[in-house]
Amino acid sequence: MREGTIYKAMSGFYYVKSPEGTAECRARGRFRLDKQSPLVGDHVKYTSTEPGKGILNVILPRKNSFIRPPLANIDKMVIITSEAIPVTDTFLIDKMTVIAESSSCEPIICINKTDLDTAERLFDIYSKTGYTTVRTSAATGEGIGRLSKAISGSTCAFTGNSGVGKSSILNAIEPNFKISVGDISKKLGRGRHTTRHVELYFLRCGALVADTPGFSAFDTGHIADKEKLQFLFPEFNDYISSCRFDDCAHIKEPDCAILAALAEGAIQKTRHDSYVRLYKQALEFNKWDTGRD
């Protein structure tokens, strides 16, 4: 059997790239019996049936997977933001970093349109989290080289709210990038002849890129239990063990090291606000999930 990576899925066909070339594959019926569905990004084993054709036999273990868009084995999530029109809500950014962290996926914060606004506020917030934070301008080329280097050799997903310039950034990284984000976004949904069309695009920097229409594209269901949420904010890690109570929620408890760090400015207020909001959502989820009052 040959090994390769699914780079496109459409109308029940899976397109696999391997050292031997590309092949259009059908999945064996037993995947349905096992309630398994091959995803774009999956590393697979397949049998060649004729030149350019094959049958998927095995889905190799996944690093992670996403429900919507249906993707697997994403190494890095590039979260495109802007301080110019449109201004990106920090809660949406933080929700995406938590989704990435919970999926063993490295978040990269890309602050675009710096030719219109230098985005000092956003840069100050996220450069202090430890995440790779890059300011870019597709118009001037600022930061494009650094972003390209940051994603080199990885499989990554680009996401961001409408209007932040994902299309322009992709075209700046890859001048020969032929497909616009608008075209991709139309394909990343339901269509008359395809249930879903998701595709990885090969860039010259060695990255594979899955573009997504926006923050709402990532649907992972419940993100994290309230007890685990604190560990998905990396700037909290130095303080968690110093709280008086082992089950500290870091919201209003006495002798909370995270609240002390917040008061000292070591943790950004917007980040803590997002944590509290997500904590309350997780609390509500647990209450309904368990049937507790």
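Numbers here simply count residues along the sequence, with the first being 1. Since this is a predicted model, take the numbers as computed values, not measurements.
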Asker: Once you round to the nearest 0.5 Å, how far does CD1 of Ile74 lie from OG1 of Thr159?
Answerer: 11.5 Å
Asker: Give the minimum heavy-atom separation between Cys110 and Val78, together with the two atoms involved.
Answerer: CB-CG1, 4.1 Å
Asker: Does any non-hydrogen side-chain atom of Asn112 lie less than 4.5 Å from one of Ile80?
Answerer: yes
Asker: Give a yes or no on whether Asp246 atom CG has more than 12 heavy-atom contacts from other residues, nucleotides or ligands under 6.0 Å away.
Answerer: no
Asker: Side chains of Lys269 and Asp273, heavy atoms from C-beta outward: is any pair under 4.5 Å?
Answerer: yes
Asker: How would you list, by chain and number, every residue that makes a side-chain contact (heavy atoms from CB on, under 4.5 Å) with Lys280, sequence neighbours excluded?
Answerer: Val276
Asker: If you define the side chain from C-beta out and look only at heavy atoms, does anything of Lys45 sit under 4.5 Å from Leu56?
Answerer: no
Asker: What pairs with Arg204 under side chain to side chain donor-acceptor pair (under 3.5 Å), at least two apart in sequence or on another chain?
Answerer: Glu174
Asker: Just how far is it from atom SG of Cys248 to atom CD of Gln230, taken to the nearest 0.5 Å?
Answerer: 8.0 Å
Asker: Can you tell me how far apart CD (Gln36) and CG (Leu39) are? Round to the nearest 0.5 Å.
Answerer: 9.5 Å
Asker: Establish whether Phe31 and Ile6 are linked, either directly or via other cluster members, by ILVMFWY side-chain heavy-atom contacts under 4.5 Å.
Answerer: yes
Asker: Side-chain contact test, heavy atoms from C-beta onward, threshold under 4.5 Å: evaluate it for Asn161 versus Pro86 and give yes or no.
Answerer: yes
Asker: Which heavy atom of Ile251 sits nearest to which heavy atom of Tyr279, and what is that distance?
Answerer: CD1-CD2, 3.5 Å
Asker: Please check if the side chain of Thr5 supplies one atom and the backbone of His43 the other of a donor-acceptor pair under 3.5 Å.
Answerer: no
Asker: Lys149: which residues meet the salt bridge (charged side-chain N to carboxylate O under 4.0 Å, His left out) condition with it, sequence neighbours left out?
Answerer: none
Asker: How would you list all residue pairs meeting salt bridge (charged side-chain N to carboxylate O under 4.0 Å, His left out) that involve residues 50-59, not counting sequence neighbours?
Answerer: Glu24-Lys53
Asker: Taking Phe123's backbone N and O only, do any of them form a donor-acceptor pair with Ser127's side chain (distance below 3.5 Å, no angle check)?
Answerer: yes
Asker: With a 4.5 Å limit on heavy-atom distance, are the side chains of Ile125 and Thr90 in contact?
Answerer: yes
Asker: With no hydrogens and no angle check, just 3.5 Å: does a side-chain donor-acceptor pair link Ser18 and Glu20?
Answerer: yes
Asker: Could I get the full list of side chain to side chain donor-acceptor pair (under 3.5 Å) partners for Arg271, not counting sequence neighbours?
Answerer: Asp94, Thr97, Glu235
Asker: Only counting residues at least two apart or in another chain, list the ones meeting side-chain contact (heavy atoms from CB on, under 4.5 Å) with Leu208.
Answerer: Thr155, Leu200, Phe202
Asker: Could you tell me whether a side-chain N or O of Thr118 sits under 3.5 Å from a main-chain N or O of Thr114, the two making a donor and an acceptor?
Answerer: no
Asker: Among pairs that include at least one residue of residues 225-265, which meet ring pair (Phe, Tyr, Trp, His ring centres under 6.0 Å), considering only residues two or more places apart or in two chains?
Answerer: Phe233-Phe236, Phe233-Tyr275, Phe236-Tyr275
Asker: Could you list the residues that satisfy side chain to side chain donor-acceptor pair (under 3.5 Å) with Arg62, not counting sequence neighbours?
Answerer: Asp42
Asker: Can you list the steps and then say if Ile111 with Thr136 is a side chain to side chain contact (heavy atoms under 4.5 Å, CB included)?
Answerer: CA-CA 6 Å; Ile111 306 169; Thr136 61; over 6 Å; no
Asker: Tell me the closest heavy-atom pair linking Asn64 and Ser104, and the distance in Å.
Answerer: ND2-O, 4.0 Å
Asker: Mind checking the CG-CD1 spacing from Leu262 to Ile267? Nearest 0.5 Å is all I need.
Answerer: 6.5 Å
Asker: Strictly by salt bridge (charged side-chain N to carboxylate O under 4.0 Å, His left out), give each pair with a member in residues 247-262 just once, sequence neighbours left out.
Answerer: Arg244-Asp255
Asker: Taking the six-membered ring of Phe13, is NZ or CZ of Arg26 closer than 6.0 Å to its centre and within 45° of its axis?
Answerer: yes
Asker: Could you tell me if the side chain of Thr22 sits less than 4.5 Å from the side chain of Tyr15, heavy atoms only?
Answerer: no
Asker: So, Ser103 side chain and Glu101 main chain: donor-acceptor pair closer than 3.5 Å or not?
Answerer: no
Asker: Report the residues that fulfil side-chain contact (heavy atoms from CB on, under 4.5 Å) with Ser48, sequence neighbours left out, ordered by chain and then residue number.
Answerer: Arg2
Asker: Asp89 side chain to Phe91 main-chain N or O, any donor-acceptor pair under 3.5 Å?
Answerer: yes
Asker: Kindly indicate, with the supporting measurements, whether the criterion side chain to side chain contact (heavy atoms under 4.5 Å, CB included) is fulfilled by Lys226 and Leu278.
Answerer: CA-CA 8 Å; Lys226 59 184 177 64; Leu278 289 167; over 6 Å; no
Asker: Return the set of residues passing side chain to side chain donor-acceptor pair (under 3.5 Å) with Ser82 (not counting sequence neighbours), or none when no residue passes.
Answerer: none
Asker: Is there any salt bridge (charged side-chain N to carboxylate O under 4.0 Å, His left out) pair reaching into residues 108-124, and which pairs are they, with sequence neighbours excluded?
Answerer: Glu83-Arg121, Glu120-Arg135, Asp124-Lys128
Asker: Judged by atom type as modelled, is there a donor-acceptor pair below 3.5 Å linking the side chain of Arg146 to the main-chain atoms of Thr133?
Answerer: yes
Asker: When you compare the side chain of Leu147 with that of Ile108, does any pair of heavy atoms fall below 4.5 Å?
Answerer: yes
Asker: Checking Lys166 against Phe158: charged group under 6.0 Å from the ring centre and within 45 degrees of the axis?
Answerer: no
Asker: Flag yes if Ile55 and Met10 sit in one hydrophobic cluster, no otherwise; membership is Ile, Leu, Val, Met, Phe, Trp, Tyr, and two members link when side-chain heavy atoms are under 4.5 Å apart.
Answerer: no
Asker: With rounding to the nearest 0.5 Å, note down the distance linking SG in Cys105 to CD1 in Ile99.
Answerer: 10.5 Å
Asker: Could you state the interatomic distance from CD1 (Ile109) to OG1 (Thr129), rounded to the nearest 0.5 Å?
Answerer: 6.5 Å
Asker: Please assess Leu203 against Ile173 for the test side chain to side chain contact (heavy atoms under 4.5 Å, CB included), listing each intermediate value before the final yes or no.
Answerer: CA-CA 8 Å; Leu203 305 186; Ile173 293 173; 4.0 Å; yes
Asker: Would you call Asp75 and Glu106 a side-chain contact if the rule is heavy atoms closer than 4.5 Å?
Answerer: no
